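In this text the structure is predicted, and so the values were computed from the model without any measurement.
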Amino acid sequence: MLFYTLKRFGLASLVALTVSFISFGLLYLSSDPAIAMAGETASDADIEAIRKLYGFDRPILVQYFDWLQRAIGGDLGKSYYFRTSAITFAILFSVPLGVAAAIRPNSIIDRVALFLSVMGQALPSFWFALMLIVLLSVNLRLLPTSGSDTWLHFVMPTVVLGYYAAPAIMRLTRTGMLEVLSTDYIRTARAKGLRPVVVLFKHALRNAIIPVVSLAAVQFGFMLGGSIVVETIFALHGAGFLAWESITRNDLPTVQGLILVFSLFYIVLTFFADLLNAWLDPRIRIS
């Protein structure tokens with residue numbers, strides 16, 4: 001397990017380094033950061049002064065390694081403008097429902113799970129968010145409409161983002177459980193007189209959940225990329241909204257820092273998903 005962990009950690013580090021280099025190069029080749037800082041009405045002399053002041057006149061590899069050294073130390077640079085340095089819900093909602101649907105295929109529970117899965121894929125996230133606001137905030141007055149003052153302000157955004165990821169996790173859980181429950185070792189476990197709960201959770205779910213773990217890590221990455229819509233509707237000035245605002249303003253240090261943070265979230269989650277799968281199925285360690 002130690003060798004497998006070190007191997008996956010080395011691969012994750014190489015991926016993070018590659019992503020940082022490609023994103024840094026693309027951002028700085030897409031536009032001149034000196035012009036972005038000085039503004040379109042600035043003179044050539046002002047632009048050249050800013051370019052020398054911030055080191056933009058140096059080779060891009062020199063700028064990258066300088067940025068990487070500071071980023072490793074926790075300094076992602078200062079914003080040109082600001083000058084400042086729900087996957088859990090989806091899993092808790094979709095995995096039990098997928099297991100229940102697999103235990104009783106073609107039952108009411110199974111049909112409800114499939115209906116919710118189809119609806120989750122069909123409903124646009126912005127429409128679902130607006131319907132929740134109308135129902136829970138305007139009509140029932142149970143939750144605040146927008147803002148981030150208390151934990152209640154994050155209930156509806158969590159539900160919207162979680163429900164977006166839940167259908168894929170639910171379908172994969174159901175499919176995996178149906179496949180595992182029909183295998184010979186499950187029939188053998190039942191023939192030995194093991195309790196149904198032990199057969200279901202210790203033997204069946206442990207094997208069926210392996211692809212779900214990997215999918216959950218990927219879905220979390222999709223959530224980070226699509227959170228800007230939810231943040232805009234609920235007036236949450238989070239990372240997604242900050243990324244959009246920074247891109248529109250050509251605020252390259254902020255964009256670069258957010259890309260690195262998003263990438264690290266995705267890489268770290270994938271790394272731990274691999275370790276969890278290796279613990280669930282020891283055969284993965286020798287692959």
Side-chain angles (χ1 to χ4, degrees), residues 1 4 86-125 127-129 131-132 135-136 142 154-223 226 269-287:
M1 186 67 181
Y4 179 82
I87 192 65
T88 302
F89 170 80
I91 295 175
L92 294 178
F93 172 74
S94 57
V95 171
L97 194 56
V99 172
I103 295 175
R104 299 185 180 277
N106 299 321
S107 63
I108 296 297
I109 296 177
D110 188 20
R111 295 183 183 279
V112 170
L114 291 177
F115 173 78
L116 293 176
S117 176
V118 173
M119 290 295 292
Q121 291 290 337
L123 290 178
S125 58
W127 186 88
F128 183 47
M131 291 302 100
L132 284 182
L135 177 62
L136 300 179
L142 296 177
F154 295 94
V155 173
M156 286 193 291
T158 300
V159 172
V160 174
L161 284 175
Y163 191 63
Y164 172 78
I169 298 176
M170 186 190 308
R171 289 200 307 270
L172 189 59
T173 302
R174 177 183 179 274
T175 303
M177 286 295 296
L178 286 174
E179 182 179 350
V180 171
L181 289 174
S182 62
T183 57
D184 293 335
Y185 74 88
I186 292 296
R187 286 192 290 267
T188 302
R190 288 172 174 169
K192 291 170 60 177
L194 295 178
R195 291 183 300 169
V197 175
V198 175
V199 174
L200 180 64
F201 291 100
K202 184 177 180 180
H203 296 281
L205 184 59
R206 178 165 183 167
N207 289 278
I209 204 71
I210 291 176
V212 177
V213 173
S214 301
L215 178 63
V218 174
Q219 287 293 331
F220 184 79
F222 290 159
M223 285 183 183
L269 284 173
T270 304
F271 171 69
F272 282 109
D274 291 339
L275 295 184
L276 181 57
N277 284 337
W279 176 76
L280 291 171
D281 188 355
R283 294 173 297 179
I284 297 178
R285 306 174 195 173
I286 59 176
S287 60

| With sequence neighbours excluded, residues passing side-chain contact (heavy atoms from CB on, under 4.5 Å) with P124 |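 Per chain and number, P124 pairs via side-chain contact (heavy atoms from CB on, under 4.5 Å) with F126, W127.
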Roughly how far apart are [X] [atom1] and [Y] [atom2], rounded to 0.5 Å?
X    : Y    : atom1 : atom2 : answer
R187 : S182 : CZ    : OG    : 6.5 Å
M156 : L142 : CE    : CG    : 9.5 Å
L97  : L92  : CG    : CG    : 12.5 Å
Y163 : L132 : OH    : CG    : 10.5 Å
W279 : I210 : CH2   : CD1   : 10.5 Å
S117 : R171 : OG    : CZ    : 4.0 Å

For residues [X] and [Y], determine if any side-chain heavy atom of one lies less than 4.5 Å from a side-chain heavy atom of the other.
X    : Y    : result
P167 : L116 : no
V159 : F128 : yes
S214 : N277 : yes

Can you see which heavy atom on [X] is nearest to which on [Y], and at what distance?
X    : Y    : value
V212 : I169 : CG1-CG2, 3.6 Å
V180 : T183 : O-OG1, 2.5 Å
I109 : A101 : CG2-N, 4.1 Å
L181 : A204 : CD2-CB, 3.8 Å
A102 : L178 : O-CD2, 3.4 Å

| task | Provide the full list of side chain to side chain donor-acceptor pair (under 3.5 Å) pairs with a residue in residues 189-210, sequence neighbours left out, each pair given once. | result | Y185-N207
| task | Would you mind listing every side chain to side chain donor-acceptor pair (under 3.5 Å) that reaches into residues 101-113, with sequence neighbours excluded? | result | D110-R174
| task | Starting from the C-alpha separation in whole Å, work towards a yes-or-no answer on side-chain contact (heavy atoms from CB on, under 4.5 Å) for L280 and I209. | result | CA-CA 9 Å; L280 291 171; I209 204 71; 3.5 Å; yes
| said: Tell me if a side-chain donor or acceptor on T175 pairs with a main-chain N or O of L172 at a distance below 3.5 Å. | reply: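 Between the backbone of L172 and the side chain of T175 there is no qualifying donor-acceptor contact (under 3.5 Å).
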